[in-house]
Amino acid sequence: MLPITLSIFACFGWGIADFIGGLKSRNLPTLSILMISSLMGTFLLGGILFLLNKPLPDDPLLFWAIPAGLIGVVAIFLLYRSLAVGTMSILAPISATGVILPVIWGIFFGDTLSGLSMLGIVIAILGSLMAVMENTSEKTGKKLTKGVGLAVGSAFLVGFYFITMDKACTHHPIWASMIMRSSALIILIPALFFANVSINVGKVQLPYILLMGFMDTMAAFCFALATSKGMLSQVAVISSMYPAVTIILSMMIAGEKIRKIQFSGVLLAITGIALISAF
């Protein structure tokens with residue numbers, strides 16, 4: 001029961017963080033947002049480790065947290081850029097379909113897919129295709145919604161993030177979270193330098209970015225704890241329901257409106273993700 005509860009917390013944390021990150025990326029540099037978020041997470045987890053007085057353990061599996069951090073920050077960058085240029089309620093579920101990769105990974109290591117799980121994969125893909133189609137005009141017909149390529153790239157990387165973090169969190173999830181979060185700085189610091197982007201987002205925007213960083217960090221930590229105590233296939237799927245939270249916030253706060261067929265596609269994608277966990 002504990003892994004499921006932690007996965008639900010991760011779901012809500014990531015959903016809130018993605019909404020804030022996507023919304024703020026429309027007016028602020030995404031690299032600046034990610035840098036502040038990563039610094040926030042590093043200091044937060046560092047403070048927890050200091051209070052718990054937990055020295056760095058001699059565990060080679062923790063090295064998996066380094067690629068997890070690198071993969072994760074690129075995945076978030078692509079997701080936030082997609083949410084900034086496109087419709088959040090359509091694009092957010094696409095990034096979550098990356099959960100299919102951990103499911104496939106589990107098959108190679110002995111997991112057996114049920115009929116519902118196989119059906120879920122098909123439904124998730126079909127729903128994603130429906131969600132990203134939009135009308136332009138009678139002359140041009142239909143086209144892919146803006147930002148879909150970024151969302152697909154994010155989905156691919158999210159799947160690998162789940163796999164690498166599962167390996168890293170086997171014995172010491174809090175240290176895996178700390179290494180993962182801080183390793184993101186390996187990409188962000190030189191990226192900010194070469195892009196000549198400042199992390200000064202202003203006093204008005206800073207509290208929102210800090211809140212986003214807090215929610216994202218705690219969500220990742222909850223996922224790390226959950227996957228260390230439960231099955232990756234189950235934990236990853238439940239955690240990947242975060243688009244539902246992003247969709248609700250985008251419709252309630254940002255006032256987004258989508259066509260019925262797109263909304264149906266979103267529901268199908270989320271339903272498919274839920275069915276994948278049934279094995």
Please examine the side chains of [Y] and [X], heavy atoms only from C-beta on, and report whether any two atoms are closer than 4.5 Å.
X	Y	value
S82	L78	no
V245	F19	no
I20	L249	no
L150	L79	no
M215	L211	yes
L83	R26	no
H171	P57	no
I16	M212	no

Q.
Angle between ring planes, F223 versus F162, binned at 30° and 60°: parallel, tilted or perpendicular?
A.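 Because their plane-to-plane angle lies in the 30° to 60° range, the rings of F223 and F162 count as tilted.
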
Checklist entry - How about D166 and T227: does a side-chain donor come under 3.5 Å of a side-chain acceptor? => result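 Short answer, yes.
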
Review point. So, T42 versus R181: side-chain donor-acceptor pair below 3.5 Å or not?
Key: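 Result is no, nothing qualifies.
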
How would you list, by chain and number, every residue that makes a ring-ring contact (aromatic ring centres under 6.0 Å, His included) with [X], sequence neighbours excluded?
X	value
F12	none
Y80	none
F156	F160

Please report the closest heavy-atom contact between [X] and [Y], naming both atoms and the distance.
X	Y	result
L157	A75	CB-CB, 3.6 Å
F221	S177	CD1-OG, 3.5 Å
V235	S7	CG1-OG, 3.4 Å
T271	L267	OG1-O, 2.7 Å

Heavy-atom neighbours of L49 CG exceed 12 at 6.0 Å
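Atom CG in L49 is crowded, with more than 12 foreign heavy atoms closer than 6.0 Å.
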
For W64, I'd like to know if atom CH2 has over 12 heavy atoms of other residues, nucleotides or ligands within 6.0 Å.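 At most 12 heavy atoms, drawn from other residues, nucleotides or ligands, come within 6.0 Å of this atom.
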
Transitively linked via ILVMFWY side-chain contacts under 4.5 Å: I71 with L61?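 They do not share one cluster, since no chain of ILVMFWY contacts under 4.5 Å joins I71 to L61.
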
